[in-house]
Undergrad: 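Just passing along the structure, written as structure tokens.
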Amino acid sequence: MASRTSPDNNSRQARIAEMRRAEQSRDRRNKALAITASVAVVAALVGFGAWVMIDKKEQKDAAAAAAKAPVNGEQTWDAKTLGRNHVETPVKYPMNPPVGGDHNPRWMNCNGDVYKNAIPEVNAVHSLEHGAVWVTYNEKAAKGDVDALAGKVAKTPYTLMSPDKEQAGAIMLSAWGKQLTVEKADDPRVAQFFTKYVQGPQTPEPGAACTNGLAEK
């Protein structure tokens, strides 16, 4: 005898089938959303990585350009005329602060060293020979500028800073054979001078030590 399916049973099976279709549709939608989100995240990461690479390249190119460009207003001395002998006697330099010449066998520490008092020129010149930039200032320099420069020097290897009451300019930056006078610490030429001359091409002894020298007493 053939079995008969009741209307209630047919309705229940139809509901179950509809629920399954709805669940499958929901699963497909969730998978699509997950894939879309993943693609968006990957695209964002790739885009960010590309932006970082471009930004780093632009910074590198800018630094390279600054290193090649002349520093407006700087003074230059012929390196061939600057003595490099080690001497134990006082040296009379033709410029103040000196940018080269005979000097003491011991250099001033120049690993971002900020000196509160004037330092011996004959030792500081030896630091310049090693590729350091020497920042000096007198009473004309504002305290805020002195503090800003001290902060910059403190975090920059191959630099040193000290007061110099006898110098003509408020703030002066010296490297071997190079010198720049500025009035303010935020003068853009300060950063350019650092970029160009900290271990720059003017250095007679690139890579020579800036530690284990003479320190402030």
Side-chain angles (χ1 to χ4, degrees), residues 71 73-141 145-183 185 187 189-217:
V71 180
E74 74 175 11
Q75 288 183 279
T76 300
W77 286 262
D78 185 354
K80 295 179 181 179
T81 67
L82 300 174
R84 291 182 53 200
N85 297 311
H86 287 180
V87 297
E88 297 284 356
T89 56
V91 178
K92 185 174 179 60
Y93 296 103
M95 74 292 288
N96 183 48
V99 298
D102 295 346
H103 49 270
N104 190 273
R106 196 174 182 191
W107 56 89
M108 290 299 301
N109 284 336
C110 46
N111 191 34
D113 292 86
V114 177
Y115 298 99
K116 299 299 182 183
N117 302 303
I119 58 178
E121 293 179 336
V122 289
N123 301 100
V125 169
H126 197 157
S127 300
L128 301 186
E129 187 182 41
H130 289 190
V133 164
W134 181 19
V135 179
T136 53
Y137 61 95
N138 61 21
E139 68 280 355
K140 298 177 185 177
D145 290 318
V146 172
D147 291 343
L149 288 167
K152 182 176 181 62
V153 167
K155 61 184 180 182
T156 308
Y158 284 95
T159 64
L160 68 163
M161 179 174 174
S162 65
D164 186 335
K165 294 181 179 180
E166 304 302 322
Q167 70 180 33
I171 299 167
M172 300 180 72
L173 286 72
S174 302
W176 188 269
K178 307 289 182 178
Q179 194 165 79
L180 176 69
T181 300
V182 298
E183 298 298 322
D187 189 313
R189 293 176 297 168
V190 172
Q192 186 184 4
F193 197 92
F194 271 59
T195 298
K196 192 175 180 69
Y197 296 126
V198 170
Q199 281 287 284
Q202 85 293 340
T203 305
E205 296 181 4
C210 245
T211 57
N212 297 321
L214 185 65
E216 192 167 34
K217 296 180 180 179

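The structure presented is a predicted model; accordingly, all values stated were derived computationally and were not measured. We number each residue from 1, following the sequence as shown.
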Undergrad: Closest heavy-atom contact between Ala175 and Val133?
TA: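 Here Ala175 and Val133 meet closest at CB-CG2, 4.4 Å.
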Undergrad: Look only at the side chain of Trp107 and the backbone of Thr211, and say whether a donor-acceptor pair between them is shorter than 3.5 Å.
TA: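 Pair found, side chain donor or acceptor close to backbone of Thr211.
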Undergrad: Considering all heavy atoms of both residues, which atom of Arg106 and which atom of Asn123 are nearest to each other, and what is their separation?
TA: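 Shortest heavy-atom separation between Arg106 and Asn123 comes out as O-ND2, 2.7 Å.
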Undergrad: Do the non-hydrogen side-chain atoms of Glu74 and Tyr197 ever get within less than 4.5 Å of each other?
TA: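 Yes - at least one pair of side-chain heavy atoms lies under 4.5 Å apart.
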Undergrad: Heavy atoms only: give me the nearest Leu160-Ala132 pair and the separation to one decimal.
TA: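 In this case the closest contact between Leu160 and Ala132 is CD2-CB, 4.0 Å.
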Undergrad: His86 vs Glu129, test: side-chain contact (heavy atoms from CB on, under 4.5 Å). Steps then yes/no.
TA: CA-CA 11 Å; His86 287 180; Glu129 187 182 41; 4.0 Å; yes
Undergrad: Are Met108 and Asp113 close enough that some pair of their side-chain heavy atoms sits under 4.5 Å apart?
TA: no
Undergrad: Could you check whether any side-chain heavy atom of Tyr115 comes within less than 4.5 Å of a side-chain heavy atom of Asn109, counting everything from C-beta outward?
TA: yes
Undergrad: Where does the angle between the aromatic ring planes of His126 and His103 fall among parallel (under 30°), tilted (30 to 60°) and perpendicular (over 60°)?
TA: tilted
Undergrad: Among all residues two or more places apart in sequence or in another chain, which pass the side-chain contact (heavy atoms from CB on, under 4.5 Å) test with Asp164?
TA: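 By the side-chain contact (heavy atoms from CB on, under 4.5 Å) rule, Asp164 matches Asn96, Pro97, Thr136, Glu166, Gln167.
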Undergrad: Using side-chain heavy atoms (C-beta onward) and a distance below 4.5 Å, is Pro98 in contact with Trp134?
TA: yes
Undergrad: Taking Lys140 for the side chain and Ala168 for the main chain, is one N or O donor matched with an acceptor at less than 3.5 Å?
TA: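 Checked: pair present.
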Undergrad: Quick one: does any side-chain atom of Asn111 pair with a main-chain N or O of Pro157 as donor and acceptor, under 3.5 Å?
TA: no
Undergrad: Apply the test salt bridge (Lys or Arg N to Asp or Glu O under 4.0 Å) to residues Asp187 and Arg189: give CA-CA distance (whole Å), side-chain angles for both, the deciding distance (0.1 Å), then the verdict.
TA: CA-CA 5 Å; Asp187 189 313; Arg189 293 176 297 168; 2.9 Å; yes
Undergrad: Which pair of heavy atoms, one from Asp145 and one from Ala185, lies closest together, and at what distance?
TA: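 Reported closest heavy-atom pair: OD1-N, 3.2 Å.
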Undergrad: Would you sort out whether Val99 and Gln75 count as a side-chain contact (heavy atoms from CB on, under 4.5 Å), showing the intermediate values?
TA: CA-CA 10 Å; Val99 298; Gln75 288 183 279; over 6 Å; no
Undergrad: Using side-chain heavy atoms (C-beta onward) and a distance below 4.5 Å, is Asn104 in contact with Glu88?
TA: yes
Undergrad: Are any non-hydrogen side-chain atoms of Val125 and Tyr93 less than 4.5 angstrom apart?
TA: yes
Undergrad: What heavy-atom pair brings Gly207 and Gln199 nearest, and what distance separates the two atoms?
TA: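 Minimum heavy-atom separation between Gly207 and Gln199: N-OE1, 2.9 Å.
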Undergrad: Do you know which of His130, Gln202, Glu205 makes side chain to side chain contact (heavy atoms under 4.5 Å, CB included) with Trp176?
TA: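 Exactly one pass, corresponding to Gln202.
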Undergrad: Please check if the number of heavy atoms outside Asn85 that lie under 6.0 Å from its CG is greater than 12.
TA: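 Correct, the count exceeds 12.
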Undergrad: Closest heavy-atom contact between Ala154 and Val114?
TA: N-CG2, 4.3 Å
Undergrad: For a 4.5 angstrom cut-off between non-hydrogen side-chain atoms, does Glu121 reach Val91?
TA: no
Undergrad: Rounded at 0.5 Å granularity, tell me how far OG1 in Thr76 sits from NZ in Lys178.
TA: 3.5 Å
Undergrad: A side-chain contact here means heavy atoms from C-beta on lying under 4.5 Å apart; do Thr159 and Val135 qualify?
TA: no
